[in-house]
2 protein chains.
Amino acid sequence: MKATMSFDHRIFRDPATGLVVDLEHTAHVDESGLGPALAAMAAIEGGAIANQDEGRQVGHYWLRAPNRAPEPETADEIRSVVGRILRLNAPNCNTILMIGIGGSALGPELAIDALRPSDGRRFLLIDTVDPRGMARVLGEVDPQTTLVLVASKSGVTVETRQALRIVEATFARAGVCFEDHAIAITAPNSALAELAHSWRDQFPLWSWVGGRTSVTSPVGLIPMHLCGIDIEEFLTGAREMDNWTRHPVESNPAAQLAGVWHSANKSNLAVIPYCEHLRHMGRYLQQLIMESLGKAYDRDGQAIHHGLTVYGNKGSADQHAIIQQLRDGPDDVMIHLIDCGTQRTDSPLLSDAADLQFALMAGTRSAMIEVGRSTVSITMPQLNSKSLGALIALFERTVGLAAELANINAYNQPGVEAGKQAAALHLAQIRMVQDALEVLPLTAEELANKLDMETATTWRLVTHLGSTGRAVTALGKSPSEDLFHAPVKSAK
Amino acid sequence: MKATMSFDHRIFRDPATGLVVDLEHTAHVDESGLGPALAAMAAIEGGAIANQDEGRQVGHYWLRAPNRAPEPETADEIRSVVGRILRLNAPNCNTILMIGIGGSALGPELAIDALRPSDGRRFLLIDTVDPRGMARVLGEVDPQTTLVLVASKSGVTVETRQALRIVEATFARAGVCFEDHAIAITAPNSALAELAHSWRDQFPLWSWVGGRTSVTSPVGLIPMHLCGIDIEEFLTGAREMDNWTRHPVESNPAAQLAGVWHSANKSNLAVIPYCEHLRHMGRYLQQLIMESLGKAYDRDGQAIHHGLTVYGNKGSADQHAIIQQLRDGPDDVMIHLIDCGTQRTDSPLLSDAADLQFALMAGTRSAMIEVGRSTVSITMPQLNSKSLGALIALFERTVGLAAELANINAYNQPGVEAGKQAAALHLAQIRMVQDALEVLPLTAEELANKLDMETATTWRLVTHLGSTGRAVTALGKSPSEDLFHAPVKSAK
């Protein structure tokens, strides 16, 4: 008799959504910081300036419970916007083309791939500025029957603005009025809001919604609704999870899960949904968690270089890819397995497949537990709008609490700025190098000397000019011997 | 004047493929183990038993240079199979449906997404056993115009066999003869080879081809060819990279890159291709690298729990997701940026987009170098069959050499077995629990006692039975109070 009375003391089950969070096989949780973390969370929900670097409130919880917004005007605005979204329609469009990147792409991609009914509108996404990549998506588009959503909170995201210009040109070539087919989702008064004043419509993306927690804002709700997904159920699921994750520490699954993340002290987290329809979950959580928890300094300015690396695709494919290392490799990883339930079926073949899928997940779980990996099992009773909303809200709350435990700001992203600024510099340098090319061939060093730039950088930039036909390249034995000159057409 | 004479002493450029591996900003490489590692590689190419656990040769290098195979019969067979693939056609089919998982899915998915011409056949993949996931793919299939490829080296991969049964049933329902539309790719004499004797065709997957290095075998070549991709160029690129990566240590980019991996001593590797068409590269390399290098024991039996965690999606989307942590978080990660060049264009808009894409990549590079991350830049002159073949072969060789440096077997996957065996056990237990259900409700503990099983496991299994309609569940306040009984229909 191996049975005990208490097999379920670490299994948390939500009466409202039916979601189960099983922490039976995880690190012992040090609960000491969790009370203050929940208090901090309550303050955030009450309208505290949670993102102190940017002086911003953090209000994604209000999106599904407007009555919790600290100002009645905010509550009214949320309700009014959700109402407008529910009334949105695009009678002559069979395709939704979304332009967005990061938080304005990963959430819609996840939710629509997971939930779109087979008779819903087709969803296409441009989350790149790669010309070939955009061309491939646009090759699928008939402007006449396509509604374009352009999402950028700041309204000046460079990739989104560049992609927008290219989509506009595609509509112009097809003789279709872009403005009639375009909806902007952006901060009121942003540059994009200004540009979009003559578009079909526009919706606000409020300053208190962070990109990585924007899926219950218009960024997620508009494309979801237009693709036939029940956004009210989605919001309900998130709201019910928010209710559950306000419980006291001992019965709060998000607090306990944040405690596991903190107490396990592992650098990596593998998230494996055993569900084809959640194949984008790993990438969604990668952004939500890594951008929130990957921070150089704590809130007192101490250098801590905190982080939690997230990866994982889907079961059981991952058993043939990453499980080997998860079991045999370094003891630096926690595992989260997500079960999406199965639909009932009369087909013995499908029933067998469901059993096999379940057994493969359970087998991975056993194999991980056997070697001592902290293994969390999350079970959704079934995959639908409500349970996905709940699942996302669970992780949103857990991330916020984990940041409190680490004493970091979960809501800023200062490390992204350096790359943006360097990109702007390199963009200017491309033009400088192009202008410095002469009729006579020069080496990268000679070009660099002309421009007082670094030679290696100059070589990289002029090589890019060569690959796009704006420099003529004669390869030498090594890069330092390469010669570059201006194309004849543009010779001065 | 910041120019120096030697900016390029760590930039490796292949005269044959034009591929550039820039190791300027990486850890100092300890070259001491690289000579022996190259010698070991030469022995593998000569037919040594590289995978000693399984008594197998490792011959993926022969696939692109049959004259290097140790036995003339092997060389002849490779040539003959490639010839048969080149002659393959499916005149009445517009869709290729591949059934495979792990190595039989990730390579074809990567290569076909990267290279398929827009007029090539459509490629669909079933790499799951999830009923909803399979149903979604099959909903896109017209059996009449679909050619099915079934790839499993062992021929007994459970997911592939289960999916095969479901696809067969779909063909039967449509009144289309499955056997006429199916090609098997499997080890000669495998159970699948036996099953497929009456199919349209079958191709060998030799014992000396590992799943994660099978993309230049029939597993990759057949679907690629049928989707309109030039597989001869693909093989040529791989062969030319193989030639380059046989160079002596000082001019061998794979040896130097393996040296970087080893010397940098980082647990994580972020791979970011700035190219929409390589969006599956991170997942492909995740399998290739983690399954090869994630090992519990070295070849002398010492416990080392070695590994290298690989992740990354695509630039510049990743700048809005993981770059925050890569720059500000723990100093545990190397970065590999992959540039796929750009096509020349007369469109100023596309040219601007290409410049922006390049500048974003260069900006990320600068931001990573600034904080001391080992940053490798790989440049493909352009993305085509030849350069992708070369890129893949570069990583194949690097992985092999890195395994030599760590003294581990890169070619086995013993850690996968435990999960498989546990899955088989749990599959049997599902039936046992189903049979143990009675008309009267029982708790999980009572069921567990009947079966002498663990209570928690029993609760999980009977809950799964409940979700698929084979148990009736009355939820209690907590899982230990849940009650389960047999559905009336099947009550004894």
Side-chain angles (χ1 to χ4, degrees), chain A residues 2-3 7-8 11 102 127-131 133 162 276 287 290-291 294 296 305 307 311 317 320-322 324-325 327-330 341-342 344 350 353-360 362-364 366-367 413 415 418-419 422-423 426-427 430 445 448 454-456 464 467-469 478-480, chain B residues 2-3 7-8 11 102 127-131 133 162 276 287 290-291 294 296 305 307 311 317 320-322 324-325 327-330 341-342 344 350 353-360 362-364 366-367 413 415 418-419 422-423 426-427 430 445 448 454-456 464 467-469 478-480:
Chain A
K2 294 175 194 152
F7 79 90
D8 59 355
I11 298 178
D127 65 342
T128 179
V129 71
D130 170 20
Q162 183 72 39
E276 178 71 16
Q287 186 202 33
M290 292 179 72
E291 204 164 44
H305 299 289
Y311 62 99
H320 304 262
I322 64 176
Q324 166 62 33
Q325 175 166 323
R327 183 167 154 105
D328 282 359
T342 31
R344 296 177 188 218
L350 291 180
D355 281 359
L356 179 57
Q357 174 87 341
F358 181 83
L360 288 165
T364 294
S366 296
Q413 48 281 329
H426 293 312
L427 198 56
I430 291 173
E445 184 181 356
E454 202 205 3
T455 307
H464 167 71
S467 78
T468 51
S478 67
S480 58
Chain B
K2 293 175 196 153
F7 80 88
D8 59 357
I11 299 179
D127 65 341
T128 180
V129 73
D130 170 20
Q162 184 71 37
E276 179 71 17
Q287 185 201 33
M290 292 179 73
E291 204 164 43
H305 300 289
Y311 62 99
H320 304 263
I322 63 175
Q324 166 62 32
Q325 176 167 321
R327 183 169 153 105
D328 281 0
T342 30
R344 296 177 189 218
L350 291 180
D355 281 359
L356 179 57
Q357 174 87 341
F358 182 84
L360 288 164
T364 294
S366 296
Q413 48 280 330
H426 293 311
L427 197 57
I430 291 172
E445 185 180 355
E454 202 206 3
T455 307
H464 167 72
S467 77
T468 52
S478 67
S480 57

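The structure displayed is predicted, hence computed values, not measured ones.
- Only the side chain of A:Q162 comes within less than 4.5 Å of a heavy atom of chain B; its backbone N, CA, C and O stay farther away.
- Nearest approach of B:L360 to A:V129, heavy atoms of both residues: CD1-CG1, 4.1 Å.
- For A:P131, the side-chain contact (heavy atoms from CB on, under 4.5 Å) partners are B:L350, B:A353, B:A354, not counting sequence neighbours.
- Both the backbone and the side chain of B:Q413 come within contact range of chain A, with heavy atoms under 4.5 Å apart.
- A heavy-atom distance below 4.5 Å is found between the side chains of B:D127 and A:E276.
- Ranked by heavy-atom pairs under 4.5 Å with chain A, the first of B:G102, B:A296, B:G133 is B:A296.
- Among B:R327, B:Q287, B:H305, the residue with the largest count of heavy-atom pairs under 4.5 Å with chain A is B:H305.
- Taking A:A367, A:A422, A:G341, A:A359 one by one and counting their heavy-atom pairs under 4.5 Å with chain B, the maximum is reached by A:A359.
- Atoms OG1 and CG, on A:T455 and B:D8 in that order, are 10.0 Å from each other to the nearest 0.5 Å.
- Counting heavy-atom pairs under 4.5 Å between each of B:G307, B:A418, B:G363 and chain A puts B:G363 at the top.
- With respect to chain A, the highest number of heavy-atom pairs below 4.5 Å among B:I322, B:T128, B:D130 belongs to B:D130.
- Taking CG from B:D328 and CE from A:M290, the interatomic distance works out to 11.5 Å, rounded to the nearest 0.5 Å.
- By the 4.5 Å heavy-atom criterion applied to side chains, B:H464 and B:I430 are counted as neighbours.
- Most heavy-atom pairs under 4.5 Å with chain B, from the set A:G469, A:S478, A:A317, A:P330: that is A:P330.
- For the options B:S467, B:A362, B:G415, B:S366, heavy-atom pairs under 4.5 Å to chain A are most numerous at B:G415.
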